[in-house]
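Heavy atoms only: backbone and side chains are in, while hydrogens, waters and symmetry mates are out.
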Amino acid sequence: MITKEEVGHVAHLARLHFSEEEQDKFTSQLNDILTYIDKLNQVDTAGIPPTTHAISLNNAFREDVVKESIGRDLALTNAPDEKGSCFRVPKVIE
Amino acid sequence: MELSRLTIHELQEMIKKGETTSSDIVESVFKRIDAVEDKVRSYITLLRDSALEEAQQADREIKKGNIKTLSGIPIAVKDIMCTRGVRTTCGSRILHNYVPPYDSTVVMKLREAGAIFVGKANMDEFAMGSSTETSYFEITKNPWDLERIPGGSSGGSAAAVAADECIASLGSDTGGSIRQPAALCGVVGLKPTYGRVSRFGLIAFASSLDQIGPFTKDVEDCAILMNLIAGHDPMDSTSVPTSVPDYREYLSRGIAGWTVGIPKEYFIEGIDPEVSGAIEKAIKEIEGLGAKCIEVSLPHTDYCVAAYYIVAPAEASSNLARYDGVRYGLRSESGEGEDLLEMYKRTRSEGFGAEVKRRIMIGTYALSSGYYDAYYKKASQVRTLIKRDFEESFKKCDVILTPTTPTPAFKIGEKTDDPLQMYLSDIFTLSANLAGIPGISVPCGYTKAGLPIGLQLLAGHFEEGKLIQIASAYEKHSKTEKRRPEI
Amino acid sequence: MEYEPVIGLEVHAQLLTETKIFCSCSTKFGAAPNSHTCPICLGMPGVLPVMNRKVVEYTIKMALATHCRINGENSFARKNYFYPDLPKGYQISQYAYPLAEDGYVDVETNGEKKRIGITRIHMEEDAGKLVHDENSPSSYVNLNRAGVPLIEIVSEPDMRNTEEAADYLRRLHEILVYLEICDGNMEEGSFRCDANISLRPKGEDKFGTRAELKNMNSFRNVQRALEYEIKRQQYILESGGEVVQETRLWDDSQGVTHSMRGKEEAHDYRYFPDPDLIPIVISGEWIEKVRETLPELPLAKRERFVREYDIPPYDAGVLTASRNLADYYEETVRLCGRPKIASNWVMGDVLGHLNEEKREIKDCTVRPPALAEMIKLIEDGTISGKIAKEVFEDMYKSGRSPKEIIEEKGLVQITDEDTLQKAIEEVLEASPSQVEQYKGGKDKLFGYFVGQVMKATRGKANPKLVNELLKKMLAD
């Protein structure tokens, strides 16, 4: 069972914010889903390697040759806020 | 005869013979769009002006004898594929204003083949959904019954083909997002082998499961588009560097002597009797073509949904972390003195819809400290077993045949409040993504109410040719009538 | 109670490739903000990473140079966290399967040799840069650095004092620079070091609670920060307190470390295999091919210099501090055949001048052929060692050959006995009282006479000959 507090913690990790009401709803929905997913525990997976790629491939490389970048204007054209060719964000306190 | 109703190969012939022009075809398609788009809502963005202009250019080239595979043919692409200079939203508010500075590889390939882009098709937000209801922009309606969903997540791409709002389209399939809407809209949809088609420029949902594939009006068009989009791309490390056959060569070969596997686990309680009836009829017709149908077993079928709903959200939770309001897309701020953390949370909470948030939450949880082994690792191990099930079965048969969906198209709003029920509607299609194998859905009849039913065929890795071969044989010889939706 | 520090270091080194690790953007430092970016390193929707082959080769080089085991199959994982300088919301790094593990570096501290273990070396991408504006409520993101290839070299907690830590760091730095895979510039951040440090009572096996130190941008600061931290932790332990496991930032201006507590949340990076990248498989053949390109490493070179040139270990250490310097020295020796004299000149006048002007050996105007020629001129008696200093000075300033300078200034040594005899006679005649005293037993005055003769010949007299002649003439 995932608790409402855990939902709050996971939401923070994912940089999401929920109202009290939403958090209640998500907790109950996530529990339904996780309860269903618990059926995975019926499967004996001892010694079974995990699959991260359905097709086995290895060694895809690129040569170390510079290609023209897209340029600053295109890099910044979608920016919600920019100044001096930089993306501007609310102050980061270090 | 309205040109918009025809297939790629029919129009190609007419263009070659000089019987029609690209401008006529594009105009016909936009005339159709003007007539039905208000009801169907297949598109997020329409490209009328550029399409008409490109058509005139294409006609000039055609006149010079410069005819390419898709010269002058109007194609739609799901709004998950990046198009240089054309807004690409992925069905999300968070990308409502995003204009990519580059083309996805598939778009580039179609462009080079002469295709004309009609528009960007509607979809579930970030391809998360089975009904196109999670789109931020609009709900696409099923052209066969406007009160029903077209399937998803590539609902716009499927509906546009079914409603003749384009000649063919591209979609993407992470858990059935091409095959399921193809079935529900009565068109042909193919999900290629993982790695067969480049994912460069495809906005990622679950990177190890996503594949791009075509929606077409018939199997021949499917082969034509596959010939164009398949192949290695050095920009995608997971794209496979093996040669691609000419898929058109598989079209008229027949399937005499083939063995078709029917997995017993796919004929379960809860399948709509009209669906199972149509599939049984299709099995008989396939046997009539000289194939032998045998029962096979895919023992881990019952765990596909559970494994999928860990693996896909886990990858998605990471893939969607880049939407943070810094470099592109929506930024939401309350104003004075807000700090970075608040900006992040506000942007993401306002930019993503409920289903996307739900999956980000599941995925974040499944990867978080203390839960990784129990969820992500476990699901990845079960994935191995699912893959092995198919490998075992394909030792005994050429292809596997199943229904594409357990039911025909459901009503709009019917499952929106019950995410788990929605997830279970993908029960027959998810396994192919987990195993990385190709799958095709072809129409195999209608319910009494007139809703299309789809037949799914699955093959081993890189055996799209076999799928086209059997689907084409079935399409040609099946006695199932071909209807058109009345909108 | 006596406490023993336990120190482990994590070094991040930027690799000297032309392009970034996963895209073809230039890695050049100092470009206009965001001009070296593309959809891939900007983390735009839909893009995919493709691995730079050279990054693998450079990392194999470092692994071989530090005696690591190279994992035949290694792969990338995503480290998930939000920060404005991290475009994708995750960093592509290696986690469960790094390229190399279980190596070591030998250090020598205060004459004592020690082997420092290397836990792992892995590849990853750098983040961008965040610039803060004190006068506005904003920060600014420049992504030119995002995606520049890094290797992270993690040591075992094998160091027991700050000198060892500093030595280990210098050796690592030296190897990276020797391999020409990193420019080693600490101020520009191409060589960065974090430290883990804890204290334990001497004799105790168990480790104490550690602090992680960051933000030290010079060798000196690493040592200072560790020294400060040892005192801080010792104070806490001695007053009965407990050290808190945390990250602390070194403050150079105040010479203290500050806790980041409160500003840094407990991280949960949610590592998982990156589905966009496929495993890297390194064959034995590939490893051997890279091994063939390895230069002689600093330690081996040092030992060879001592053996081959019969110079003291200290000299060998100085002369092998960089590959260019060692090559300079060896070339000089090859041309003049006098290793010890060459070593004195390189360590003395050559490095003296360069250090004073903060220049590097490759920029030295006196090239090995000229230096070797000058040494030969001393050896064959054409010039004296003293004159040589003057000649070198001119060579360094003008870049001219020693012969040219000697000829022009008339600096050739006087070896003609008659000429010298005459000069000595004049000196002796001019100093009758000193001659008397000398003959009376004041031997020390011999030096005075030599000096006077040198002065009279403006330094050009052959000192050996002057000595011989003087002795003979004073004995008369």
Side-chain angles (χ1 to χ4, degrees), chain A residues 2 6-7 9-19 22 25-27 29-30 32-62 70-71 73-82 87-93, chain B residues 97-99 101-102 193-195 208 234 237-238 240 300 302-303 305-307 309-310 317 324-331 333 338-346 348-349 352 357-358 360-362 364-365 368 375 377-385 387 419-420 423 434-437 461:
Chain A
I2 183 166
E6 279 180 295
V7 168
H9 170 67
V10 173
H12 174 70
L13 279 179
R15 298 297 183 267
L16 292 170
H17 173 78
F18 295 123
S19 67
E22 283 174 314
K25 194 174 165 192
F26 264 92
T27 306
Q29 284 178 339
L30 292 189
D32 285 351
I33 295 163
L34 291 172
T35 306
Y36 177 82
I37 283 166
D38 276 342
K39 72 155 70 191
L40 289 178
N41 293 325
Q42 298 162 10
V43 187
D44 179 9
T45 52
I48 303 293
T51 292
T52 44
H53 294 91
I55 306 291
S56 297
L57 288 176
N58 59 60
N59 291 1
F61 296 121
R62 181 175 62 71
I70 55 167
D73 292 348
L74 271 181
L76 294 158
T77 183
N78 281 287
D81 191 6
E82 54 128 336
F87 300 97
R88 180 154 64 178
V89 294
K91 191 158 209 150
V92 180
I93 305 131
Chain B
N97 56 356
Y98 175 65
V99 179
Y102 75 103
T193 308
Y194 184 79
S208 80
S237 307
T238 63
V240 180
H300 296 91
D302 195 28
Y303 305 105
V305 175
Y309 277 95
I310 291 299
S317 70
D324 58 4
V326 175
R327 284 145 295 122
Y328 44 74
L330 179 80
R331 174 188 294 188
E333 281 170 292
E338 185 173 64
D339 73 14
L340 182 74
L341 184 65
E342 285 170 60
M343 187 281 276
Y344 278 158
K345 289 189 175 180
R346 189 179 282 271
R348 291 168 60 79
S349 297
F352 293 134
K357 286 185 216 169
R358 198 148 39 229
I360 290 175
M361 291 291 288
I362 298 172
T364 304
Y365 182 66
S368 67
Y375 289 112
K377 190 179 168 208
K378 182 82 183 178
S380 301
Q381 288 174 306
V382 172
R383 191 175 174 188
T384 305
L385 296 172
K387 203 176 144 203
L420 192 53
Y423 297 172
L434 289 168
I437 59 172
H461 292 145

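A salt bridge (charged side-chain N to carboxylate O under 4.0 Å, His left out) check over residues 39-53 of chain A, counting only residues at least two apart or in different chains, returns the pairs A:Lys39-B:Asp302.
Here the closest non-hydrogen pair linking A:Ile48 and B:Gln381 is O-NE2, 2.9 Å. For the pair A:Asn78 and B:Asn97, the tightest heavy-atom approach, listed with the atom from each and the gap, is OD1-O, 3.7 Å. The heavy-atom pair separating B:Arg358 from A:Gln29 by the smallest distance is NH1-OE1, 2.6 Å. Across all their heavy atoms, B:Gly325 and A:Pro80 have their closest contact at O-CG, 3.4 Å. Closest approach of B:Lys378 to A:Thr45, counting heavy atoms only: NZ-OG1, 3.0 Å. Of all non-hydrogen atoms in A:Val7 and B:Met361, the two that sit nearest each other are O-CE, 3.3 Å.
No side-chain heavy atom of B:Asp339 sits under 4.5 Å from any side-chain heavy atom of A:Pro90. Contact annotation: the side chain of B:Lys345 approaches that of A:His12 to within less than 4.5 Å [non-hydrogen atoms, C-beta and beyond]. A heavy-atom distance below 4.5 Å is not found between the side chains of B:His461 and A:Ser56.
Among residues two or more places apart in sequence or in another chain, the ring pair (Phe, Tyr, Trp, His ring centres under 6.0 Å) test is passed with A:Phe18 by A:Phe26.
When each of A:His53, A:Arg62, A:Gln42 is checked for heavy-atom pairs under 4.5 Å with chain B, A:Gln42 comes out on top.
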Derivation of the side-chain contact (heavy atoms from CB on, under 4.5 Å) call for B:Tyr102 and A:Ile70 = CA-CA 9 Å; B:Tyr102 75 103; A:Ile70 55 167; over 6 Å; no
Evaluate the criterion side-chain contact (heavy atoms from CB on, under 4.5 Å) for residue pair B:Tyr328 and A:Leu76; output intermediate values, then yes/no.
-> CA-CA 8 Å; B:Tyr328 44 74; A:Leu76 294 158; over 6 Å; no
Given side-chain contact (heavy atoms from CB on, under 4.5 Å), test B:Tyr365 with A:Ile2 step by step and report yes or no.
-> CA-CA 9 Å; B:Tyr365 182 66; A:Ile2 183 166; 3.6 Å; yes
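A:Thr51 places no side-chain N or O within 3.5 Å of a backbone atom of B:Arg383 that could act as its donor or acceptor partner. At distances below 3.5 Å, not a single donor-acceptor pair connects side-chain atoms of B:Ser380 with backbone N or O atoms of A:Thr52.
Interface remark: B:Ser317 contributes no atoms to any contact with chain A (heavy atom separation under 4.5 Å). Residue A:Glu82 does not touch chain B at all, counting heavy-atom pairs closer than 4.5 Å.
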